[in-house]
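Worksheet: the structure to be examined is printed underneath.
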Amino acid sequence: MSKRALSVTREQSFPEWYQEAVRDGDMAEQSPVRGCMIIKPWGWGVWERVQAELDQRIKDTGHENCYFPLFIPMSFIAKEAEHVEGFAKEMAVVTHHRLKNEGGKLVLDPDAKLEEPLIVRPTSETIIGDAFQRWVKSYRDLPLLINQWANVVRWEMRTRLFLRTAEFLWQEGHTAHADREDAMAETRKMLEVYREFSETVLAMPVIAGEKPANERFPGADNTYSIEAMMQDGKALQAGTSHYLGTHFAEAQNIQFQNQDGKLTFCHTTSWGVSTRLIGGVIMSHGDDDGLRMPPKIAPRQIVIVPMLRDKPEDAELKAYCAELEAELKAQGIRVLVDLKPIKSAEKRWNWVRRGAPVIIEIGGRDAAGGNVTFMRRDKLRDGDKVISHTQARAEFVAGARTLLEAIQDGLFAEAKARLDGNIVTTMTTFADLEAYYGATAGDEEGGEFKGWAGVMWAKPEGPALETVAERLKALKLTIRNAPLDQPPVEGKTCLFTGEPAKEYVLIGRSY
RNA sequence: CGGAGCGUAGCGCAGCCUGGUAGCGCACUUGCUUCGGGAGCAAGGGGUCGGAGGUUCGAAUCCUCUCGCUCCGACCA
């Protein structure tokens with residue numbers, strides 16, 4: 001019984017393992033439209049949990065939800081120069097409003113061409129800014145704190161389920177403030193919301209920090225991110241928060257009268273996380289048997305599989321399971337009795353692949369003895385052997401919430417150990433970096449686990465920064481961020497130039 | 001968008017070189033047996049071989065084009 005629930009192990013090929021984990025875990029599948037995905041009920045359930053948890057935090061920090069149009073006039077996008085530059089290459093454009101039937105063939109009706117093409121939003125700074133310009137008149141209107149849950153489209157060349165898709169779902173927060181200090185505080189506050197959310201809800205430890213200038217959002221003065229380490233050592237940018245300065249305010253005339261009656265430009269921010277987080281959860285916690293869902297986002301935290309035998313005794317078994325279900329529900333636990341008429345062994349492995357945190361199997365003997373036999377998805381096996389536990393029903397029910405908490409904490413601890421244990425901080429020269437990453441810079445299958453490097457640098461700007469980026473690129477590396485939590489830099493030297501160091505940054509390969 | 005590979009049943013694949021209108025395993029259906037677990041036997045159902053052209057008496061197989069997927073690269077909040 002050494003069989004694994006997936007046919008490819010992470011070791012053999014992490015990319016292939018990921019695909020299979022997503023598919024066999026019933027999360028999502030490819031759609032008929034290139035680069036877009038169908039999110040299946042189990043995957044959607046996870047997203048609903050993400051939305052519920054994060055939405056609460058967004059509201060608790062004073063933001064209100066609203067909704068802006070999917071279509072953005074092309075002229076809007078053109079307003080902020082860097083913004084255009086950053087997004088022009090990947091925008092979907094609507095040019096017609098009618099089709100015509102020509103000899104049985106549908107064609108674009110040339111008489112129905114739009115005067116001004118509409119962009120399918122890649123992000124909503126410009127259309128929300130347009131509203132802000134009308135909404136903000138006085139300092140009394142500030143701060144203006146808005147969020148929306150929406151889908152956006154970016155025509156990506158290379159897509160991967162959840163991690164990078166042409167259409168994806170996200171929340172985007174947009175705020176306007178009276179001054180830099182207030183806007184910057186907002187930017188940092190939301191970054192912290194993301195960090196706390198990622199760690200406590202997704203059990204995904206991250207490092208919050210500021211992106212280097214060359215990795216900034218087009219049109220931002222400062223971009224901050226949370227970066228998570230996947231099981232192959234690569235970094236995943238899991239959330240971003242931007243201080244936009246007055247760029248968009250100036251481009252869109254978002255002004256207010258201050259206490260002195262003077263017209264002043266607002267300072268704006270934007271911040272977002274997307275369905276990419278789900279890819280992060282999969283690559284953080286999954287194992288060779290499939291997904292492992294943190295209980296806080298598992299659509300079903302406990303799944304009960306009755307071992308039905310198509311005999312009269314089944315009725316008793318079902319009744320026993322229904323009682324157990326009711327008791328667990330009373331504890332506030334999301335529970336499902338899987339009565340689907342397929343073999344129980346098959347059901348067990350389906351739930352293993354989906355990553356249900358606790359899988360209970362109830363047979364006649366359990367029912368008769370008043371027991372519960374269960375498996376923890378986080379600690380499924382001892383070696384190759386599947387571990388199952390048996391407890392008195394009352395005892396299990398009483399401890400169920402604690403058990404789920406233990407699983408949540410265990411997944412976090414495991415991921416945290418990986419993150420903390422795989423940031424090398426001893427490199428001081430570029431040669432060190434080359435020696436460490438260079439050996440596996442090739443494109444051989446799998447690729448050895450390398451993690452990140454935490455190094456000192458002089459924080460160059462302009463052409464000097466470009467040079468650094470180029471040198472890193474040769475090793476397929478990028479600067480992920482400069483952690484907010486900075487070690488002392490005095491007496492340290494820049495890894496790239498040998499000049500006195502100004503900042504500690506994390507370097508790694510990324511998604 | 002460049003390089004490479006791959007599209008044949010829901011999934012994984014064989015067949016293609018050496019054209020003669022499809023096959024295997026798992027899954028699925030039915031029956032019997034089994035039953036603390038990813039079961040056995042038997043009988044079945046399911047595919048316009050990604051799509052479009054072409055060559056040919058005949059194309060999954062040869063040629064051209066096209067679409068999609070995967071990996072690598074470029075690009076990328």
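What you see is a predicted model, and the numbers here were worked out from it, not measured in a lab.
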State the pairing partner of [N]; accept Watson-Crick or G-U wobble contacts with both distances under 3.5 Å, and report none otherwise.
{"N": "B:G20", "result": "B:C57"}
{"N": "B:C26", "result": "B:G10"}
{"N": "B:C1", "result": "B:G73"}
{"N": "B:A52", "result": "B:U64"}
{"N": "B:G31", "result": "B:C41"}
{"N": "B:G47", "result": "none"}

Worksheet entry | Residue pairs, two or more places apart or on separate chains, that pass salt bridge (Lys or Arg N to Asp or Glu O under 4.0 Å) and touch residues 310-325 of chain A | A:E323-A:R393, A:E325-A:K329
Worksheet item: Under the 3.5 angstrom rule, does the side chain of A:E82 hit a backbone N or O of A:G219 as a donor-acceptor pair?
Response: yes
Fill in: Cationic tip of A:R160 above A:Y18 ring, under 6.0 Å, 45° of axis
no
State which of [options] makes the closest approach to the side chain of [X].
{"X": "A:Q19", "options": "B:U70, B:G38, B:G73", "value": "B:U70"}
{"X": "A:R353", "options": "B:C75, B:G38, B:C1", "value": "B:G38"}
{"X": "A:M157", "options": "B:G38, B:C1, B:C76", "value": "B:C1"}
{"X": "A:K343", "options": "B:A74, B:A39, B:C76", "value": "B:A39"}
{"X": "A:A345", "options": "B:A39, B:C35, B:G73", "value": "B:A39"}

Response to the item:
Checking A:R377, A:R4, A:K379 against A:D287 for salt bridge (Lys or Arg N to Asp or Glu O under 4.0 Å), the one that qualifies is A:R377
Counting only side-chain N and O atoms of [X], is one of them less than 4.0 Å from OP1 or OP2 of [N]?
{"X": "A:R23", "N": "B:G12", "result": "yes"}
{"X": "A:R34", "N": "B:G68", "result": "yes"}
{"X": "A:Q30", "N": "B:G68", "result": "no"}
{"X": "A:R160", "N": "B:C69", "result": "no"}

When the [atom1] atoms of [N] and [M] are considered, how many whole Å apart are they?
{"N": "B:A59", "M": "B:A52", "atom1": "P", "answer": "14 Å"}
{"N": "B:C63", "M": "B:G20", "atom1": "P", "answer": "15 Å"}
{"N": "B:U61", "M": "B:U8", "atom1": "P", "answer": "14 Å"}
{"N": "B:G68", "M": "B:C76", "atom1": "C1'", "answer": "22 Å"}
{"N": "B:G25", "M": "B:C35", "atom1": "C1'", "answer": "24 Å"}

Worksheet item: Can a donor-acceptor pair be found between the side chains of A:S344 and A:E361 at a distance below 3.5 Å?
Response: no
